[in-house]
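Note that these values count all heavy atoms, side chains included, but never hydrogens, waters or copies made by symmetry.
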Amino acid sequence: MNVTSLARAHIPEASPDHSLPICRQITQALSRVGDKWVVGVIVLLEHRSRRFSELKRDLGNVSPRMLTLTLRNLERDGLVRRLVTPVIPPRVDYELTSMGFELAQALNPLERWAYANLSNIDQAQQHYDALQEA
């Protein structure tokens with residue numbers, strides 16, 4: 001099923017005249033979620049706010065620049081709030097907005113699916129790789 005048919009099936013106001021702009025908006029919103037580091041940031045912020053250094057440490061091999069860009073984009077999209085505490089040195093924390101929490105809840109079933117299928121995915125990849133080598 002493509003984005004156009006999804007929009008028509010699930011968005012009542014999506015008429016044939018307006019489906020293209022809606023599809024672009026849906027694609028843009030979903031592409032943000034598909035960015036490499038977004039899901040990790042959302043999952044980490046679901047239970048508590050975190051500082052930049054905590055996010056960087058817990059995400060692993062993300063570069064400071066990429067984490068900064070990811071957080072800025074999430075803030076721009078209204079999913080993350082940046083909180084600056086005026087102390088010396090300034091303390092900056094990141095937390096999910098209500099829309100960010102909605103996204104976290106939507107990602108939970110996907111996270112459970114991924115966890116439940118880790119071995120199946122691994123087996124499928126090994127099978128595919130073996131066929132490619134043959």
Side-chain angles (χ1 to χ4, degrees):
M1 183 176 264
N2 63 32
V3 176
T4 303
S5 49
L6 280 172
R8 287 188 182 132
H10 299 291
I11 303 173
E13 59 273 1
S15 69
D17 296 337
H18 301 292
S19 63
L20 190 57
I22 288 171
C23 291
R24 272 189 251 140
Q25 289 174 319
I26 291 170
T27 300
Q28 186 177 25
L30 292 176
S31 71
R32 177 74 71 221
V33 176
D35 283 355
K36 183 174 183 178
W37 300 106
V38 168
V39 172
V41 169
I42 297 295
V43 168
L44 287 172
L45 293 177
E46 183 178 8
H47 300 291
R48 68 177 179 88
S49 65
R50 293 178 189 256
R51 297 179 79 172
F52 184 91
S53 58
E54 291 178 284
L55 289 167
K56 184 171 178 346
R57 180 192 66 227
D58 293 343
L59 286 169
N61 62 350
V62 63
S63 71
R65 175 166 166 66
M66 185 52 64
L67 181 55
T68 298
L69 290 172
T70 299
L71 289 166
R72 281 184 187 160
N73 286 331
L74 290 171
E75 186 178 10
R76 182 174 184 262
D77 289 344
L79 300 169
V80 168
R81 183 178 301 111
R82 184 176 185 263
L83 303 168
V84 179
T85 306
V87 295
I88 298 175
R91 179 184 171 106
V92 179
D93 291 277
Y94 296 90
E95 67 180 14
L96 292 180
T97 63
S98 59
M99 191 166 48
F101 277 111
E102 285 182 49
L103 176 57
Q105 295 303 303
L107 290 172
N108 285 335
L110 183 59
E111 187 180 3
R112 285 192 301 275
W113 173 87
Y115 181 76
N117 285 284
L118 287 175
S119 62
N120 293 335
I121 293 168
D122 186 47
Q123 289 173 3
Q125 290 173 346
Q126 289 177 16
H127 177 71
Y128 179 86
D129 293 345
L131 290 175
Q132 297 304 308
E133 291 172 5

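The same ILVMFWY cluster, assembled from side-chain heavy atoms under 4.5 Å apart, contains both L110 and I121. Under the 4.5 Å side-chain contact rule for hydrophobic residues, L83 and V87 do not share a cluster. In terms of hydrophobic clustering, with Ile, Leu, Val, Met, Phe, Trp and Tyr side chains grouped at heavy-atom distances under 4.5 Å, V92 and V62 are assigned to a common cluster. Hydrophobic clustering (ILVMFWY, side-chain heavy atoms < 4.5 Å, transitive): V43 and M99 are in one cluster.
In this structure, CG on L67 lies 12.5 Å from CZ on R57, to the nearest 0.5 angstrom. Residue I42 holds its CD1 atom at 9.5 Å from CZ of F101, rounded to the nearest 0.5 Å. With rounding to the nearest 0.5 Å, the separation of CG in N61 from NZ in K56 is 8.5 Å. Between the CG atom in D58 and the OG atom in S53 there is a gap of 9.0 Å [rounded to 0.5 Å].
Within 6.0 Å of atom CZ in R51, more than 12 heavy atoms from other residues, nucleotides or ligands are found, so the atom counts as buried in its surroundings.
Taking 4.5 Å as the limit, every side-chain heavy atom of L79 sits out of range of all side-chain heavy atoms of N73. The shortest distance between side-chain heavy atoms of L107 and E46 does not fall below 4.5 Å. Between Y94 and L45, some side-chain heavy-atom pair lies under the 4.5 Å cut-off. Contact annotation: the side chain of V80 never approaches that of T97 to less than 4.5 Å [non-hydrogen atoms, C-beta and beyond].
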Extract all donor-acceptor atom pairs below 3.5 Å that involve side chains of residues 123-134 and protein atoms in other chains or at least two apart in sequence.
from : atom 1 : to   : atom 2 : distance (Å)
Q126 : NE2    : D122 : OD2    : 3.0

Result block: side-chain N/O donor-acceptor pairs under 3.5 angstrom for residues 31-40, not counting sequence neighbours:
from : atom 1 : to  : atom 2 : distance (Å)
S31  : OG     : T27 : O      : 3.3
S31  : OG     : Q28 : O      : 2.8
R32  : NE     : D77 : OD2    : 2.4

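For R65, there are no side chain to side chain donor-acceptor pair (under 3.5 Å) partners at least two apart in sequence or on another chain.
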**OP:** Begin with the C-alpha distance, continue with both residues' side-chain angles, and end with the deciding distance and a verdict on side-chain contact (heavy atoms from CB on, under 4.5 Å) for L74 and L96.
**Re:** CA-CA 9 Å; L74 290 171; L96 292 180; over 6 Å; no
**OP:** Start with the C-alpha gap between L55 and L71, add the side-chain angles, then the distance that decides, and say whether side-chain contact (heavy atoms from CB on, under 4.5 Å) holds.
**Re:** CA-CA 10 Å; L55 289 167; L71 289 166; 3.9 Å; yes
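A donor-acceptor pair under 3.5 Å is formed between the side chain of R50 and the backbone N or O of L44.
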